[in-house]
Amino acid sequence: LVENEKEVYAGMADIAVKTRTAVKNAFDEEGVYVRFAGDRIDVLPGNSLHMLLFPYEEGLELNVPEEVRNPAVCDITLSEKVLQLALLVENVYTVHGLGCTTAAHTEEDLEFLGNACRLAARRIKPYL
């Protein structure tokens with residue numbers, strides 16, 4: 001990692017941004033509003049951690065754990081349990097939102113994840 005840090009970390013940042021875009025687009029296309037924790041914070045651009053949130057209202061800042069983990073602000077059960085089960089049905093195992101991306105993830109992985117999220121959103125939407 002030290003010898004190749006510029007390439008490795010730049011590649012991971014790129015795949016992280018593409019992951020968030022693919023997931024957000026999939027849910028948007030199905031009419032399910034989602035946000036990623038920290039998506040408006042520029043301190044860690046290209047952050048590979050992906051905590052997907054289901055806020056009840058659009059436009060909230062959601063910058064601190066007290067907001068992100070507040071069941072009056074975000075649907076915690078949906079993000080921590082229902083999403084995991086809906087994605088598991090689509091052959092995607094996740095932890096804590098969506099887990100993280102790594103240098104091993106490929107464009108094909110992102111396409112698979114995006115499609116799985118689209119199908120999960122379809123499965124979830126009737127119950128929102």
Practice task
Group every Ile, Leu, Val, Met, Phe, Trp and Tyr by side-chain heavy-atom contacts under 4.5 Å, then state whether L119 and V82 land in the same group.
Solution key: no
Handout entry: Shared hydrophobic cluster for L52 and I15 (ILVMFWY, side-chain gaps under 4.5 Å)
Key = no
Which atom names give the shortest non-hydrogen contact between [X] and [Y], and what distance separates them?
X    : Y    : answer
L49  : R20  : O-NH2, 2.5 Å
L87  : A120 : CD2-CB, 3.9 Å
I76  : V68  : CD1-O, 3.3 Å
A121 : E30  : CB-CB, 3.7 Å
T101 : M12  : O-CE, 4.2 Å
F36  : H50  : CE2-CB, 3.8 Å

Exercise for the section: Report the residues that fulfil side-chain contact (heavy atoms from CB on, under 4.5 Å) with A26, sequence neighbours left out, ordered by chain and then residue number. Expected result: C117, R118
Practice task
With sequence neighbours left out, write down each residue that passes salt bridge (Lys or Arg N to Asp or Glu O under 4.0 Å) with E3, or none if nothing qualifies.
Solution key: none
Completion exercise
Sorted by chain and number, sequence neighbours left out, salt bridge (Lys or Arg N to Asp or Glu O under 4.0 Å) with E90 holds for R123
Fill in the blank from the handout: Cluster membership besides L85, Ile/Leu/Val/Met/Phe/Trp/Tyr side chains within less than 4.5 angstrom, sorted by chain and number, is none
Checking [X] now: which residues fulfil side-chain hydrogen bond (donor to acceptor under 3.5 Å, both in side chains) with it, not counting sequence neighbours?
X    : value
T102 : H105
N70  : none
Q84  : none
E67  : none

Practice task
In sequence, state the C-alpha distance, the side-chain angles, and the governing distance for L53 and V73, and then conclude on side chain to side chain contact (heavy atoms under 4.5 Å, CB included).
Solution key: CA-CA 10 Å; L53 308 172; V73 176; over 6 Å; no
Completion exercise
Rounded to the nearest 0.5 Å, the SG atom of C100 sits from the CE atom of M51 at a distance of 13.5 Å
Handout entry: Distance (rounded to the nearest 0.5 Å) between L78 CG and Y127 OH
Key = 13.0 Å
What pairs of residues pass the salt bridge (charged side-chain N to carboxylate O under 4.0 Å, His left out) test when at least one of them lies in [range], not counting sequence neighbours?
range            : result
residues 73-88   : R69-E80
residues 104-116 : K18-E107
residues 4-13    : none

Handout entry: Any pair counted as ring pair (Phe, Tyr, Trp, His ring centres under 6.0 Å), so long as it reaches residues 54-93, sequence neighbours left out
Key = F27-F54
Exercise for the section: Using atom types as modelled and distance alone, determine if a side-chain donor or acceptor of R35 lies under 3.5 Å from a backbone N or O of E58. Expected result: no
Exercise for the section: Mind running side chain to side chain contact (heavy atoms under 4.5 Å, CB included) on T94 and L83 for me, showing each step along the way? Expected result: CA-CA 9 Å; T94 65; L83 177 63; 5.5 Å; no
Problem - Sub-4.5 Å side-chain heavy-atom contact between L110 and T21 - result: no
